[in-house]
*Asks:* 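Here it is, the structure in full.
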Amino acid sequence: MSSPQMRSLKAFKALAHQTLVATPRRGTLIVIEGVDRSGKSTQAASLVARLNALSGAVTAVSMRFPDRTTQTGKLIDAYLTQKDGTDGDSIDDRTIHLLFAANRAEAMVQLRKTLMTGTSVVVDRYAFSGVAYTHAKGAAGLDIEWCMAVDAGIIRPDVVFFLDIPTDVAASRGEFGQERYERQDFQEKVRTAFLDIADKAYWKILDARQSKDALGEEMLHLAVTEILKTENKPLQPLWQ
Ligand code: DGP
């Protein structure tokens, strides 16, 4: 990187530090989406660490969906890992969709509270996964509008980072294939559905094939830009 770029990155980080630490503001809701094995969880953890290192304080925390620790999450986990003793038909497609949505809805009070106390939240998967995975099943009645309807009204992210990756590259990564949805043909449909619902107003489509570090720096830069813009903008409902 050339020195003028270094200097502007340094100035940018200094401004970010000052703003993150000194200004009372609501936190920013940052969502990371993508197909399985696109690197979301690694990048979510790294983004929280980078944001906190930048501010020298805990100004960001992470969250993930599905949250497998709650009652709804335990049912979802049994379904995904097929520990329910069946090969997958124990919960029908509409019911599992509703359970995933309930798993997000039940976290909204805590999420709102965290944001309103000024902490940003980096979320690994959100309602967009809900729509993409259910719609990708291609079954009658699982159209995009129906899939969106049950998540309408949850907190709208300020920004969505979509970690885009060809599904053959994702499928070649470690541990692919362990859970129910991890089949490359299905993941291809999921990727298409994600790109169909991507809202240019607040989605950033990022190349997830680049190195972990390069992607991490790109996300940090975009996240800080978003945090600086959030100020005290009211939280908005999703899809309403
Ligand atoms: P993860 O813990 O991020 O690996 O996600 C678990 C799996 O569940 C993954 O294959 C994506 C899928 N998934 C996540 N959210 C939803 C949802 O709302 N609906 C459906 N049908 N699948 C989801």
Side-chain angles (χ1 to χ4, degrees), residues 29 31-41 44 63-108 111 123-157 160-167 170-171 175-203 205 208 237-240:
L29 179 54
V31 164
I32 305 182
E33 286 282 16
V35 298
D36 288 85
R37 307 292 150 194
S38 53
K40 293 176 308 305
S41 305
M63 214 173 184
R64 70 176 304 156
F65 294 110
D67 174 353
R68 301 187 193 214
T69 64
T70 68
Q71 291 303 311
T72 56
K74 285 177 187 153
L75 291 171
I76 292 169
D77 183 62
Y79 171 84
L80 288 171
T81 56
Q82 304 180 26
K83 279 187 209 130
D84 49 2
T86 72
D87 60 2
D89 300 324
S90 59
I91 306 183
D92 76 271
D93 293 333
R94 281 171 176 258
T95 308
I96 194 66
H97 183 78
L98 297 171
L99 274 175
F100 273 107
N103 186 256
R104 288 182 283 271
E106 68 190 2
M108 287 304 123
L111 177 58
V123 185
D124 181 352
R125 292 198 186 279
Y126 206 54
F128 314 100
S129 279
V131 176
Y133 281 79
T134 298
H135 181 65
K137 293 177 177 175
L142 304 180
D143 51 275
I144 289 197
E145 290 69 29
W146 183 83
C147 293
M148 284 177 153
V150 287
D151 276 295
I154 65 171
I155 303 170
R156 200 195 93 152
V160 175
F161 295 143
F162 180 67
L163 305 196
D164 196 22
I165 193 166
T167 54
E175 293 179 19
F176 182 88
Q178 293 191 346
E179 286 199 338
R180 179 181 298 270
Y181 293 135
E182 295 179 352
R183 297 187 329 265
Q184 199 194 325
D185 58 336
F186 184 72
Q187 295 286 323
E188 195 56 48
K189 291 180 188 153
V190 171
R191 177 169 177 258
T192 303
F194 269 128
L195 292 171
D196 281 349
I197 59 168
D199 185 334
K200 299 281 177 313
Y202 60 100
W203 279 55
I205 314 274
L238 180 66
W239 295 328
Q240 281 184 344

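FYI, side chains are in, hydrogens and waters are out, and symmetry mates aren't considered; it's all heavy atoms of this structure.
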*Asks:* Would you sort out whether V123 and I32 count as a side-chain contact (heavy atoms from CB on, under 4.5 Å), showing the intermediate values?
*Replies:* CA-CA 6 Å; V123 185; I32 305 182; over 6 Å; no
*Asks:* Can you measure from NZ (K40) to CG (L163) and round to the nearest 0.5 angstrom?
*Replies:*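 Interatomic distance, K40 NZ to L163 CG, rounded to 0.5 Å: 7.0 Å.
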*Asks:* Which heavy atom of Q178 sits nearest to which heavy atom of E175, and what is that distance?
*Replies:*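 Between these two residues, the closest heavy atoms are CG-O, 3.3 Å.
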*Asks:* Between L142 and D93, what is the shortest heavy-atom contact and its length?
*Replies:*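 Nearest heavy atoms, L142 then D93: CD1-CB, 3.8 Å.
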*Asks:* The criterion is side-chain contact (heavy atoms from CB on, under 4.5 Å); which residues satisfy it with K74, sequence neighbours excluded?
*Replies:*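 Partners of K74 by the side-chain contact (heavy atoms from CB on, under 4.5 Å) criterion, ordered by chain and then number, come out as Q71.
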*Asks:* Which is it for L195 and I205 under the side-chain contact (heavy atoms from CB on, under 4.5 Å) test, yes or no, and what are the steps along the way?
*Replies:* CA-CA 9 Å; L195 292 171; I205 314 274; 3.9 Å; yes
*Asks:* Tell me whether T81 contacts the main-chain N or O of D77 through its side chain, where contact means a donor paired with an acceptor under 3.5 Å.
*Replies:*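 Side chain of T81 to backbone of D77: a pair is present.
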*Asks:* Closer than 3.5 angstrom, by distance alone: can the side chain of Q187 be matched with the main-chain N or O of D36 as a donor-acceptor pair?
*Replies:*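 Yes; judged by distance alone, with no hydrogens or angles, the pair exists.
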*Asks:* Can you name the side-chain contact (heavy atoms from CB on, under 4.5 Å) partners of E106, sequence neighbours left out?
*Replies:*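 E106 satisfies side-chain contact (heavy atoms from CB on, under 4.5 Å) with T70, T72, N103 only.
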*Asks:* Ignoring hydrogens and geometry, is there a side-chain-to-backbone donor-acceptor pair from Q82 to E179 under 3.5 Å?
*Replies:*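 No; zero donor-acceptor contacts below 3.5 Å.
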*Asks:* Test side-chain contact (heavy atoms from CB on, under 4.5 Å) on L111 and L29 and set out the steps.
*Replies:* CA-CA 9 Å; L111 177 58; L29 179 54; 4.0 Å; yes
*Asks:* Which atoms form the tightest heavy-atom contact between M148 and V131, and what is the distance?
*Replies:*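 Closest pair (atom of M148, atom of V131, distance): CG-CG2, 3.8 Å.
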*Asks:* Is there a donor-acceptor pair under 3.5 Å between the side chain of K189 and the backbone N or O of A132?
*Replies:*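 Such a contact is absent between K189 side chain and A132 backbone.
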*Asks:* So H97 and V150, do their side chains get closer than 4.5 Å, heavy atoms only?
*Replies:*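 When only atoms from C-beta onward are counted, H97 and V150 do touch, with a gap below 4.5 Å.
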*Asks:* Using side-chain contact (heavy atoms from CB on, under 4.5 Å) as the criterion, list what pairs up with A149, not counting sequence neighbours.
*Replies:*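 Expected list: none.
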*Asks:* Rounded to the nearest 0.5 Å, how far apart are CG of D199 and CZ of F128?
*Replies:*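 It is 8.0 Å, given to the nearest 0.5 Å.
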*Asks:* Under 3.5 Å, side chain of E188 to main-chain N/O of Q184, donor-acceptor pair present?
*Replies:*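 Pair absent, no side-chain N/O of E188 close to backbone of Q184.
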*Asks:* Which pairs pass salt bridge (charged side-chain N to carboxylate O under 4.0 Å, His left out) with one or both residues in residues 143-156, sequence neighbours excluded?
*Replies:*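 Listed by first then second residue: R104-D151.
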*Asks:* Which residues pass the side-chain contact (heavy atoms from CB on, under 4.5 Å) test with A105, not counting sequence neighbours?
*Replies:*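 side-chain contact (heavy atoms from CB on, under 4.5 Å) list for A105, sorted by chain: empty.
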*Asks:* Is the distance between the ring centroids of F161 and W203 under 6.0 Å?
*Replies:*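 For F161 and W203, the ring centres are not under 6.0 Å apart.
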*Asks:* Counting distance only, does the side-chain N/O of S129 pair as donor-acceptor with the main-chain N or O of R125 below 3.5 Å?
*Replies:*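 No, because the side chain of S129 does not come within donor-acceptor range (under 3.5 Å) of the backbone of R125.
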*Asks:* I'd like to check F65 versus Y126 (side-chain heavy atoms, cut-off strictly below 4.5 Å). Are they in contact?
*Replies:*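 Yes, close enough: below the 4.5 Å cut-off.
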*Asks:* The criterion is side chain to side chain donor-acceptor pair (under 3.5 Å); which residues satisfy it with S38, sequence neighbours excluded?
*Replies:*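 Expected list: none.
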*Asks:* Could you measure the distance from the OG1 atom of T167 to the CG atom of D185? Nearest 0.5 Å is fine.
*Replies:*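 With rounding to 0.5 Å, OG1 (T167) is 9.0 Å from CG (D185).
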*Asks:* Can you name the closest pair of heavy atoms from E33 and A127 and give their distance?
*Replies:*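 Where E33 meets A127 most closely, the heavy atoms are OE2-N, 4.2 Å.
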*Asks:* Measure from the ring center of Y181 to the ring center of Y133 and say whether it is less than 6.0 Å.
*Replies:*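 Ring centres of Y133 and Y181 closer than 6.0 Å.
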*Asks:* Is the distance between the ring centroids of H135 and W146 under 6.0 Å?
*Replies:*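 No: the rings miss the under 6.0 Å criterion.
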*Asks:* What pair of heavy atoms forms the shortest contact from I91 to L75, and how long is it?
*Replies:*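 I91 and L75 have their closest heavy atoms at CD1-O, 4.3 Å.
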*Asks:* Would the F194 and F162 ring centres measure less than 6.0 Å apart?
*Replies:*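 Yes, the ring centres sit under 6.0 Å apart.
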*Asks:* Are any of the side-chain nitrogens in D92 or R94 under 4.0 Å away from the carboxylate oxygens of its partner?
*Replies:*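 Salt bridge: no.
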*Asks:* Would you sort out whether L99 and Y79 count as a side-chain contact (heavy atoms from CB on, under 4.5 Å), showing the intermediate values?
*Replies:* CA-CA 11 Å; L99 274 175; Y79 171 84; over 6 Å; no
*Asks:* Can you give me the closest heavy-atom contact between I165 and R37, atom names plus distance?
*Replies:*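 What the structure gives for the nearest pair is CD1-O, 4.4 Å.
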